[in-house]
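A short worksheet on the structure shown next.
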Amino acid sequence: MKAAPFNHVPLPPYSQIEHPSWSLNASIYEVNIRQYTPEGSFRAFARHLPRLKALGVTILWLMPIHPIGIQHRKGSLGSPYAISDHRAINNELGSEEDFRALINEIHRLGMYVIIDWVANHSAWDNPLARSHPHWYKKNPQGQFRSTTWFDWDDIIEFDFQQQGLRDYMLNAMQYYLDEFHIDGFRCDVAGFVPIEFWEQARASLDPDQQLFWLAEWEERDLHKRAFNMSYAWALNDLLEDIANGKRNAENLCGYIAKHNNAFPINAIRMNFLDNHDKNAWDGSVQQRFGIAEEALMALTMVMDGMPLIYSGQEVATEQSLAFFERDPIQWPEQIVTHPRHVWLQRMLTLKSNHPALQNGCAGSLMQEIPHDQRNHIIAFSRQSQHQNHNHCLVFIANLSEEKRIIELDHRAIQFAELECYTSSSSSKDTDFKKVELEAWGYRVLVSKNLEQ
């Protein structure tokens, strides 16, 4: 008997997330309010908003804005992630009206704001520990416990098997949407909270998918029905190893191959060299990356994903900011003329304007440009057709401590008319098919007729 033919029904896309239109060409900036200014307040930070707008930032991520617990507090000020009330504003940062005014000014300038949301745990002296002790996980002795295998002894962990806790969290998140009109959430240690909760939160709080959701985690399934963007932790670890000679450009090729094939095409990954965790516990960017910093930061700007800038990174600060004490960023007198600020403004403009660099499936895949030095050189193009014009971007970087000369296979690049858009070197390339790169040198080449 002849087998019946298969009924080929098109499968729906794996990711059912739609990104807000304003996030498609966005970059994100992490704001450490406590350390941003000598005052450490919403009002003082607001003075920097016009500069950040001009820098090219789209999304501002505010570290936790909530009151900090006192019981088992670390240091004199405690961790911003040891929250004593999810529905209150930390008066050390300012009042509710100060916070509302900050959000309104961010929106007036055409930027967007997401707040840190710590769902996994609370401070020991959060009133919920007294009113709803059954909402917390317990140790074998029946006592509150911190997250196991970490030194987070200033917090106790919630039990998300409790429906009442889930309802409380959803109501608290809704409060900030209704009262302050924030634009989304950065969800702390998202993988420690059941994915079903995040999917429920997305469906109930954001049915029209107009908010932006960032997961501090690295897992493809988070992109199915919950999050727009997730952390590229593995990339950060890899780049740090490359900078310190432990891995090389060949390993980066392997990472990109896994990224292209394992994550949904619409998943946005957050690329970074620095954030509050890396900066506080592992040292400053300069300590971790040394002379490789600029080339690797340029890579995070033009590869698939959204680049993150941490507070102070735009002036190449060498500070490793304290986490439990006041440690204000030492800003230069002229911030906007600092060489890194000028460079970053140009890179963010490129990220925003180039059609191939859009986020999610709106952007273009990284296509490897063949060459014979894969241990030392990374080279790729991203090409997009937009408004009846082909746009091309080429990135080439020497990820080694020796000068390299490479010849690129020009057949992998469809458009010959390119110009050097930015470079760590003052040299001007006229023949991009044969490129000389100093140690940790790089080139970003774009179509000449790209509107800038």
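All heavy atoms count here, side chains included; hydrogens, waters and symmetry mates do not. Numbers here simply count residues along the sequence, with the first being 1. Everything numeric in this text was worked out from a predicted model, so none of it was measured.
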Do any pairs count as a ring-ring contact (aromatic ring centres under 6.0 Å, His included) and have a residue in residues 154-179, sequence neighbours left out, and if so which ones? His66-Tyr176, Trp117-Tyr176, Trp135-Tyr168, Tyr136-Phe158, Phe160-Phe197, Tyr175-Phe180, Tyr176-Phe180
For the CD atom on Gln71, are there more than 12 heavy atoms of other groups (residues, nucleotides or ligands in this structure) within a distance under 6.0 Å? yes
Do His276 and Tyr81 pass the ring-ring contact (aromatic ring centres under 6.0 Å, His included) test, and can you show the C-alpha distance, the side-chain angles, and the key distance before you say yes or no? CA-CA 12 Å; His276 67 269; Tyr81 293 85; 5.1 Å; yes
Below 6.0 angstrom between ring centroids: does that apply to Phe192 and Trp198? no
Using salt bridge (charged side-chain N to carboxylate O under 4.0 Å, His left out) as the criterion, list what pairs up with Arg34, not counting sequence neighbours.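 By the salt bridge (charged side-chain N to carboxylate O under 4.0 Å, His left out) rule, Arg34 matches no residue at all.
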The salt bridge (charged side-chain N to carboxylate O under 4.0 Å, His left out) partners of Asp85 (sequence neighbours excluded) come to none
Does any pair with a residue in residues 189-201 pass salt bridge (charged side-chain N to carboxylate O under 4.0 Å, His left out), and if so which ones, sequence neighbours excluded? Glu199-Arg225
May I have all residue pairs that pass salt bridge (charged side-chain N to carboxylate O under 4.0 Å, His left out) and include part of residues 124-136, sequence neighbours excluded? none
Flag for [Y]-[X]: side-chain donor and acceptor within less than 3.5 Å:
X      : Y      : result
Gln35  : Arg326 : yes
Tyr231 : Asn236 : no
Trp124 : Asp154 : no
Asn279 : Arg288 : no
Gln162 : His134 : no

Decide yes or no on side-chain hydrogen bond (donor to acceptor under 3.5 Å, both in side chains) for Asp206 and Gln210, but give the supporting numbers first. CA-CA 7 Å; Asp206 186 19; Gln210 293 303 303; over 6 Å; no
Heavy-atom closest contact (His86 atom, Val118 atom, distance): NE2-O, 2.7 Å
Stepwise ring-ring contact (aromatic ring centres under 6.0 Å, His included) test for Tyr255 and Trp233: CA-CA 11 Å; Tyr255 170 86; Trp233 277 119; over 10 Å; no
Results of side-chain hydrogen bond (donor to acceptor under 3.5 Å, both in side chains) for Lys351 - residues two or more places apart only: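 By the side-chain hydrogen bond (donor to acceptor under 3.5 Å, both in side chains) rule, Lys351 matches Asn359.
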Does any part of the side chain of [Y], heavy atoms only, come nearer than 4.5 Å to the side chain of [X], both counted from C-beta?
X      : Y      : answer
Ser320 : Trp281 : no
Cys187 : Val193 : no
Leu128 : Ser122 : no
Phe212 : Thr58  : no
Leu109 : Glu105 : yes

Is the NZ or CZ atom of Arg340 both under 6.0 Å from the centre of the six-membered ring of Trp343 and within 45° of that ring's axis?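 Pair Arg340/Trp343 counts as cation-pi.
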